[in-house]
2 protein chains.
Amino acid sequence: MKHYSKQREAILDVLRSTDTHPTANWIYEKVREKLPNISLGTVYRNLSTLTADGAILKIEVGDGFEHFDGDISPHLHLYCRECGKIHDQTLKSDYITRVAKESGFKTDTTIYVAYGICTNCNKTIN
Amino acid sequence: MKHYSKQREAILDVLRSTDTHPTANWIYEKVREKLPNISLGTVYRNLSTLTADGAILKIEVGDGFEHFDGDISPHLHLYCRECGKIHDQTLKSDYITRVAKESGFKTDTTIYVAYGICTNCNKTIN
DNA sequence: AATAAAATCAGTAATCATTACTGATTTGTG
DNA sequence: CACAAATCAGTAATGATTACTGATTTTATT
């Protein structure tokens with residue numbers, strides 16, 4: 001079993017204790033509350049390692065930032081063009097992996113993104 | 001009906017005449033064969049406009065580049081970690097839009113990405 | 001416990017894909 | 001033909017992310 005550094009543990013803790021999809025900088029600010037001397041480079045490096053290990057997900061929605069997700073279960077990311085938030089929706093089955101398998105592709109990670117308007121913003125527009 | 005500039009038309013032509021998922025720079029080089037004086041900024045600006053209009057798709061797989069797709073039908077993008085190519089797979093139904101609708105989200109665009117190893121690379125490894 | 005090798009770190013500098021800017025050119029409208 | 005609006009080519013600026021460096025911490029071995 002792999003033993004993580006305290007910096008990597010702290011980053012994972014932050015990611016797993018939020019239901020948002022924070023950027024590297026947001027995570028950096030949050031981790032600094034516990035480890036004031038951690039550097040932004042360390043956050044980036046560990047996020048990269050964790051993503052490569054499959055311990056977290058990297059989500060890109062085209063807003064110029066990388067977003068990270070501590071929930072690695074296959075789920076739907078609803079990106080609202082109005083409020084800019086990424087909402088989660090659980091999935092009953094991993095549709096992508098199942099369909100990809102039909103063509104012989106060996107999937108290890110899946111990303112589902114929907115662009116549009118969320119329920120809350122849909123109410124308040126007009 | 002909207003009338004596109006010749007630059008925008010040329011960019012769309014290039015995107016629709018390839019089954020790859022090129023970067024802005026690749027498109028720039030390709031369009032230059034027909035419009036030698038076009039600038040990279042023009043390519044970026046039009047790709048941005050076309051994406052906002054829903055005429056093309058922007059796909060991000062985490063390799064540091066934005067990729068563009070002239071095929072806007074909902075389909076699966078298989079990103080092979082070995083060869084770095086994005087393979088397409090057609091979908092019978094737009095699963096994301098259907099599921100997102102259940103929670104009241106109004107979807108206009110969907111992106112499906114699978115990370116893993118493609119059939120061809122799976123053969124040649126080892 | 002001591003030592004060496006390997007991994008990770010903080011801090012900072014560099015990168016480079018993308019965006020913003022500017023003055024010129026083209027297009028649309030009457 | 002004006003006139004305004006849109007788009008352009010060319011270039012400069014941006015800033016999120018990555019790379020680098022020497023110090024510190026962890027792991028492995030004896």
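So that the names make sense, note that chain A is the first sequence line, chain B the second, and so on, each numbered from 1. Just so it is clear, the values below take in all heavy atoms, side chains as well, and ignore hydrogens, waters and symmetry mates.
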Nearest-Å distance, [atom1] ([X]) to [atom2] ([N])?
X	N	atom1	atom2	value
B:I11	D:dT7	CD1	P	12 Å
B:I38	D:dA9	CD1	P	5 Å
B:Y4	D:dA6	OH	P	16 Å
A:R8	C:dC9	CZ	C1'	11 Å
A:K6	D:dT26	NZ	P	7 Å
B:Y28	C:dT18	OH	P	14 Å
B:E9	D:dT7	CD	P	13 Å
B:L35	D:dG10	CG	P	12 Å

Under a 3.5 Å threshold, yes or no: a donor from one side chain and an acceptor from the other, between [X] and [Y]?
X	Y	answer
A:S73	A:D71	yes
A:S103	B:Q89	yes
A:Y112	A:D94	yes
B:T51	B:S48	no
B:R8	B:S5	no

For this session: With the side chain of A:S5 defined as its heavy atoms from C-beta on, choose the nearest nucleotide among D:dG10, C:dC9, D:dC8.
Result: C:dC9

Exercise. Is the A:H77-A:H87 ring centre distance short of 6.0 angstrom?
Worked result: no

Residue-phosphate contact under 4.0 Å: [X] side-chain N/O, [N] OP1/OP2:
X	N	value
B:N37	C:dT25	no
A:T42	C:dC9	no
A:Q7	D:dT25	no

For nucleotides 12-21 of chain D, list the nitrogen or oxygen atoms of the protein found under 3.5 Å from its nitrogen or oxygen atoms, one pair per line.
| from | atom 1 | to | atom 2 | distance (Å) |
| --- | --- | --- | --- | --- |
| D:dT17 | OP1 | A:E66 | N | 2.8 |
| D:dT17 | OP2 | A:Y44 | OH | 2.4 |
| D:dT17 | O5' | A:Y44 | OH | 3.3 |

For this session: Give me the ring orientation class for A:Y95 and B:Y95: parallel if the planes are under 30° apart, tilted from 30 to 60°, perpendicular past 60°.
Result: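 Taking B:Y95 first and then A:Y95, their aromatic rings lie parallel (interplane angle under 30°).
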
